[in-house]
Amino acid sequence: MGDVMTQPPPAQPQVRPAHEGPGERPTLTFTARRRGKPPRHLADLTTAERAAAAVELGLPAFRADQVSRHYFDHLTRDPQDMTDLPAAARDQIAGTLLPELVTKVRDMQADKGATVKSLWRLFDGAMVESVLMRYADRTTLCVSSQAGCGMACPFCATGQQGLTRNLSTAEIVEQVRLAARASRDGDLAGGPTHLRNVVFMGMGEPMANYKAVIGAVRRMVEPAPAGLGLSARHVTVSTVGLVPAIDKLAKEGIPVTLAVSLHAPDDELRDELIPINSRWKVGELLDAARRYFEATGRRVSIEYALIKDMNDHAWRAQLLADELNARGRGWVHVNPIPLNPTPGSVWTASERDVEAEFVDTLRRAGIPTTVRDTRGSDIDGACGQLAAEVLDPPRAGTKEQEQE
Ligand code: SAH
């Protein structure tokens with residue numbers, strides 16, 4: 001194996017999105033064109049702001065708590081359900097603080113109903129997707145933080161779409177509330193379940209929409225009636241590597257799990273695969289990940305999509321292990337993800353035996369490594385496949401339910 005480890009084979013030359021000419025750099029987008037703001041929503045507000053909003057409506061402040069309990073605990077925004085409030089107050093509060101922010105366009109099911117991808121229309125017609133997945137021991141929602149994404153990673157369908165706009169805090173929280181309700185009500189195969197995990201691994205770069213994302217995280221982890229009462233450790237924020245935002249997150253005092261989409265241990269390849277690597281290099285990113293671990297005590301996840309003949313060499317697994325071990329032991333684990341197909345992509349997933357060698361190399365170097373499953377890939381619901389492509393006809397073999 002020695003020569004394999006020391007002799008880097010040439011990388012595939014084609015790492016550019018199909019629509020870009022040869023030699024051009026992909027364009028990174030940090031801010032979206034200004035569009036109208038989503039209407040203000042209860043989930044955008046802190047407890048104090050909600051009380052103030054009730055008072056503004058001429059209602060006693062405690063009405064805000066009652067409505068919050070309905071929303072975050074009973075998971076409803078329907079004034080008819082709020083029977084402990086006087087009818088006039090209900091309609092007033094629901095009318096001003098609980099606008100419909102996300103409307104379901106359709107659900108697609110995979111894994112015999114254990115995975116459901118939902119397509120949502122936002123108030124301005126922007127579209128996002130979320131994916132709810134039931135496992136033997138937990139139920140997990142993958143949420144979107146932006147409509148589209150500005151990070152332009154060439155192997156990711158969302159990245160190829162470009163950024164439409166940032167979501168608001170409440171638009172993110174609504175995805176979670178609706179998934180928690182669907183789980184409770186038995187909409188996933190296997191009967192009622194409790195939504196336990198939320199991963200920011202849907203559309204968008206959460207660290208490029210920091211304020212709304214941290215607001216949503218707060219709403220998720222605050223106990224009812226302030227929030228949904230999830231455990232911070234069960235919330236994962238995944239980033240392509242915006243180093244200053246990672247440091248900021250470390251200081252929030254909310255020990256969410258951090259996932260870093262690394263995909264290459266060396267700048268030469270990462271510069272090609274991940275456009276943001278032009279700003280923050282592998283070393284800076286791993287240093288920030290390590291600081292995150294030190295600040296929070298949370299073990300960091302390294303995401304690594306295994307792309308055939310691109311980044312799957314045993315010597316790169318060894319280099320990755322070395323880079324991680326150089327920053328300490330027991331602070332990190334690696335999640336290799338077999339590459340999921342995306343439209344027009346020139347790449348495929350690594351061969352089985354190559355994947356196995358990559359994993360073994362990491363493990364032999366003492367790095368805990370778990371291959372991520374490709375849940376929902378047959379409904380374009382897996383990592384890197386979310387593109388909110390409403391015009392796509394349903395695929396054969398998947399079940400689609402149109403909403404009215
Ligand atoms: N922008 C954030 C959140 C998206 S998470 C981030 O990059 O971390 C989605 C994960 O799927 C990321 O790790 C992303 O790099 C990975 N991914 C993108 N395209 C993929 C593909 N085609 N196959 C497998 N994983 C992919």
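Atoms within each ligand, like the ligands themselves, are counted from 1 in listed order. Sequence positions, counted from 1, serve as the residue numbers for this chain.
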Using a 4.0 Å cutoff against the non-hydrogen atoms of [X], which atoms of ligand 1 qualify?
X	answer
M201	5 (S), 9 (C)
T342	22 (N)
H263	13 (O), 14 (C), 15 (O)
C156	18 (C), 19 (N)
V240	6 (C), 7 (O), 8 (O)
G202	4 (C)
F200	3 (C)

Looking at G330 and R299, what are the two nearest heavy atoms and their distance?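 That closest heavy-atom pairing would be O-CD, 4.0 Å.
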Of the non-hydrogen atoms in T158 and G148, which two are nearest, and what is the gap between them?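 Here T158 and G148 meet closest at CG2-C, 3.8 Å.
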Give a yes or no on whether R233 atom CZ has more than 12 heavy-atom contacts from other residues, nucleotides or ligands under 6.0 Å away.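 Count not over threshold, so no.
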Check this for me - ligand 1, [X], N or O atoms closer than 3.5 angstrom, yes or no?
X	value
F155	yes
G204	yes
E303	no

I need the nearest protein heavy-atom contact for [atom]: residue, atom name and distance, please.
atom	value
atom 19 (N) of ligand 1	G384 CA, 3.1 Å
atom 25 (N) of ligand 1	C383 CB, 3.4 Å
atom 7 (O) of ligand 1	S261 OG, 3.2 Å

Salt bridge (Lys or Arg N to Asp or Glu O under 4.0 Å) evaluation trace for R177 with E174: CA-CA 5 Å; R177 177 189 68 94; E174 270 289 80; 2.5 Å; yes
Distance only, no hydrogens: is a donor on one side chain within 3.5 Å (strictly under) of an acceptor on the other, for T369 and R363? no
Look at the aromatic rings of F358 and Y304 and report parallel, tilted or perpendicular, splitting at 30° and 60°.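 Ring orientation of F358 relative to Y304: tilted.
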Give the ring-plane orientation class for H74 versus H70, where under 30° counts as parallel, over 60° as perpendicular and anything between as tilted.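 It falls in the perpendicular class, over 60°.
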Between L273, I276, L306, N340, which one has a non-hydrogen atom sitting closest to atom 22 (N) of ligand 1?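 Looking at heavy atoms only, N340 sits closest to atom 22 (N) of ligand 1.
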By salt bridge (charged side-chain N to carboxylate O under 4.0 Å, His left out), R90 pairs with (sequence neighbours left out) none
Residues forming a salt bridge (charged side-chain N to carboxylate O under 4.0 Å, His left out) with K248, sequence neighbours excluded: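 By the salt bridge (charged side-chain N to carboxylate O under 4.0 Å, His left out) rule, K248 matches no residue at all.
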With backbone taken as N, CA, C and O and side chain as the heavy atoms from C-beta onward, which portion of V260 lies under 4.0 Å from ligand 1: side chain, backbone, both, or neither?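 It is neither; nothing of V260 touches ligand 1.
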Regarding R138 and the six-membered ring of Y135, is the cationic atom NZ or CZ under 6.0 Å from the ring centre and inside 45° of its axis?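 Yes, a cation-pi geometry.
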